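On a predicted model such as this, the values are computed, not experimentally measured, just so you know. Labels below follow one simple rule: chain letters A, B, ... track the order of the sequence lines, proteins then strands, and each chain is numbered from 1.
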2 protein chains.
Amino acid sequence: MQDLLFDFISKYVTLTEAEKNAIVSLDLFRTLKKGTTILKKGQKSKDSYFVLEGCIRIYYIIDGDEKTTAFYTEMEALTPPCVVSKTPSEYYVSCVEDSILLISNSDMEAEINSKFPKFDLMCRKLSEELLAKQRIDFDEFKTSSPEQRYLNLLQKRPDLIQRVPQHQLASYLGIKPQSLSRLRARILEKKS
Amino acid sequence: MQDLLFDFISKYVTLTEAEKNAIVSLDLFRTLKKGTTILKKGQKSKDSYFVLEGCIRIYYIIDGDEKTTAFYTEMEALTPPCVVSKTPSEYYVSCVEDSILLISNSDMEAEINSKFPKFDLMCRKLSEELLAKQRIDFDEFKTSSPEQRYLNLLQKRPDLIQRVPQHQLASYLGIKPQSLSRLRARILEKKS
DNA sequence: ATTACTTGTTCACTTAAGTTAAGAAATACG
DNA sequence: CGTATTTCTTAACTTAAGTGAACAAGTAAT
């Protein structure tokens with residue numbers, strides 16, 4: 001399980017055994033049941049999440065119903081905006097499936113970073129990369145129709161469509177569940 | 001003009017006079033005319049932009065017409081995704097108005113960063129902050145209708161609506177110019 | 001000054017998403 | 001196992017966005 005983490009890290013920096021041990025000794029791995037909420041609206045938190053196995057999502061409750069805006073699966077990291085801004089969270093984060101997460105605290109990260117400057121470098125590279133990736137995703141979202149977005153998702157993250165309830169997918173695509181259902185029917189119609 | 005830059009930087013790190021001089025001596029300020037294209041589709045580039053005055057935008061050309069997805073105004077920074085991924089650009093960047101930009105090269109940044117670790121720290125803080133901000137923007141976009149998005153923009157960046165041509169605003173809001181025009185008429189109707 | 005181009009609005013029509021409601025299918029749980 | 005709940009689909013209707021076209025106003029260019 002830890003190997004997955006170190007494979008990921010190796011894309012950004014090269015760690016010594018001592019450094020790897022330092023991470024392992026922090027004992028940050030957590031096993032969570034499907035449906036577990038790990039961050040609630042209104043809470044303050046300093047925790048970042050790295051998904052080793054499973055899937056977590058960000059969702060809002062607007063006019064009484066859930067709006068899911070993001071999913072994080074294997075080898076993806078999330079530092080919730082509220083951790084950065086140090087304000088109460090506007091949204092919820094919960095497990096879509098049984099999941100194994102690495103949960104790190106920003107205070108602790110600061111400590112690690114001062115001991116091992118490499119981590120700092122990794123964090124910078126990672127957030128620059130995520131910023132760029134998210135920019136592209138946002139641009140694609142803006143420039144395409146719901147149907148195109150769905151087809152695009154089918155290409156890029158086909159697994160998500162299988163693992164995630166469709167009403168959560170719908171809001172992720174910026175539409176209502178009924179529209180997603182209809183849109184799928186429309187696509188099938190076209191194919192035949 | 002440089003004061004604006006140092007005011008901005010001071011939000012992240014505290015610079016000494018020597019460090020400030022080092023930046024100034026690099027002579028990175030550029031004055032550009034409205035309409036100037038600073039990055040074209042297909043180009044490779046290592047340049048990041050910081051807007052001191054004016055406004056720049058990202059746009060794509062899809063099926064022959066422009067789709068503007070982002071605007072950057074005073075005190076906002078853009079490192080185009082293609083600089084991070086080191087691949088040819090998928091989009092254009094151009095000046096919406098006569099602008100003064102600080103244009104820095106990533107090779108040069110690396111050099112500065114190694115001389116002055118503070119810059120590295122600033123870059124990390126900045127990209128973490130921008131990532132969080134963009135996540136929130138994306139979430140708001142997904143969870144609201146075109147009309148809500150327009151009203152939201154009116155609250156948050158009223159200046160943009162004045163400075164930017166409406167057909168560019170439209171694609172920024174994810175709709176067609178005609179729809180924006182109609183939507184605005186609808187809002188006026190409601191008010192009266 | 002005239003022409004050309006850009007920009008914004010309006011209109012009629014088409015297409016697709018939102019809404020409300022009902023029912024079927026799958027899943028969870030006692 | 002059966003019941004409750006969640007999830008998904010379908011349908012009829014409403015609302016709003018997309019499309020194509022025409023026109024007016026403003027701007028730039030010769």
Side-chain angles (χ1 to χ4, degrees), chain A residues 33-37 55 57 59 61-68 71 92 94-98 141-154 160-192, chain B residues 33-37 55 57 59 61-68 71 92 94-98 141-154 160-192:
Chain A
K33 284 266 166 225
K34 173 176 175 176
T36 309
T37 299
C55 177
R57 67 181 173 121
Y59 67 97
I61 294 186
I62 296 173
D63 297 333
D65 46 28
E66 286 184 12
K67 302 268 189 177
T68 299
F71 296 101
Y92 300 77
S94 80
C95 299
V96 174
E97 305 169 340
D98 290 352
F141 192 94
K142 275 189 181 174
T143 57
S144 53
S145 67
E147 185 171 324
Q148 289 171 319
R149 277 176 239 163
Y150 176 78
L151 292 170
N152 192 34
L153 191 65
L154 210 52
L160 262 194
I161 295 176
Q162 301 307 319
R163 35 211 301 212
V164 162
Q166 231 157 96
H167 63 277
Q168 289 176 15
L169 266 187
S171 55
Y172 180 70
L173 294 170
I175 57 177
K176 304 283 153 166
Q178 298 91 319
S179 297
L180 177 55
S181 201
R182 177 168 43 198
L183 175 161
R184 280 158 57 93
R186 200 163 63 218
I187 290 170
L188 284 177
E189 188 107 340
K190 282 181 193 168
K191 277 189 186 168
S192 63
Chain B
K33 283 268 166 224
K34 173 177 175 176
T36 309
T37 299
C55 178
R57 67 182 174 119
Y59 67 99
I61 295 185
I62 297 174
D63 297 332
D65 47 27
E66 286 185 11
K67 302 266 189 179
T68 299
F71 296 103
Y92 300 77
S94 81
C95 299
V96 174
E97 304 170 342
D98 290 351
F141 193 95
K142 276 188 181 173
T143 57
S144 53
S145 66
E147 184 171 326
Q148 289 172 319
R149 277 176 236 160
Y150 176 78
L151 291 170
N152 191 34
L153 191 66
L154 211 52
L160 263 195
I161 296 177
Q162 302 307 318
R163 333 165 57 159
V164 162
Q166 230 156 99
H167 63 277
Q168 290 176 13
L169 265 187
S171 55
Y172 180 71
L173 294 170
I175 57 176
K176 304 280 152 164
Q178 298 93 317
S179 298
L180 177 55
S181 201
R182 176 168 44 195
L183 176 162
R184 281 159 55 95
R186 201 162 62 217
I187 290 169
L188 283 177
E189 188 108 340
K190 281 181 193 167
K191 278 189 185 166
S192 63

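- Taking 4.0 angstrom as the limit, B/Arg186 places a side-chain polar atom (N or O) nearer than this to OP1 or OP2 of D/dA17.
- Separating the CG atom of A/Leu180 from the P atom of D/dT9 is a distance of 8 Å, rounded to the nearest angstrom.
- Taking side-chain N and O atoms only, A/Gln166 has a distance below 4.0 Å to OP1 or OP2 of D/dT9.
- If you take CG of A/Leu183 and P of C/dA17, they are 6 Å apart, rounded to a whole angstrom.
- When rounded to the nearest whole Å, the span between CD1 of B/Ile161 and C1' of C/dT7 equals 17 Å.
- Distance from the side chain of B/Lys176 is smallest to D/dG18 among C/dT19, D/dC8, D/dG18.
- Each of A/Ser179 and B/Ala185 was assigned the nucleotide of DNA chain C with the nearest heavy atom; the assignment lying further toward the 5' end belongs to B/Ala185.
- Contact check for B/Thr37 versus B/Tyr59: side-chain heavy atoms found under the 4.5 Å cut-off.
- Summarising the geometry, the separation between CD on B/Gln178 and P on D/dA21 is reported as 12 Å, rounded to the nearest angstrom.
- The distance between atom CG of A/Asp63 and atom C1' of C/dG18, rounded to the nearest whole Å, is 14 Å.
- Between the A/Asp98 side chain and the A/Lys33 main chain, no donor and acceptor come within less than 3.5 Å of each other.
- Atom CD in B/Glu147 sits 11.5 Å away from atom CG in B/Leu173 (nearest 0.5 Å).
- The separation between B/His167 atom NE2 and C/dT6 atom P is 9 Å, rounded to whole Å.
- Within the 4.5 Å cutoff, the side chain of B/Thr68 has no heavy atoms near those of the B/Val96 side chain.
- At a cut-off of 3.5 angstrom, the base of C/dG8 holds no donor-acceptor pair with the side chain of B/Arg182.
- Taking for each of B/Ile175 and B/Lys34 the nucleotide of DNA chain D with the nearest heavy atom, the 5'-most of the two is the partner of B/Ile175.
- Between the CG atom of A/Leu188 and the C1' atom of D/dT10 there is a distance of 14 Å, given to the nearest Å.
- When heavy atoms are screened at a 4.0 angstrom cut-off, B/Pro146 is found touching the sugar-phosphate backbone but no base atom.
- Residue A/Phe71 comes nearest to A/Arg57 through the heavy atom pair CD2-CB, 3.7 Å, listed as atom of the first residue, atom of the second, then distance.
- Summarising the geometry, the separation between CD on A/Gln148 and C1' on C/dT15 is reported as 14 Å, rounded to the nearest angstrom.
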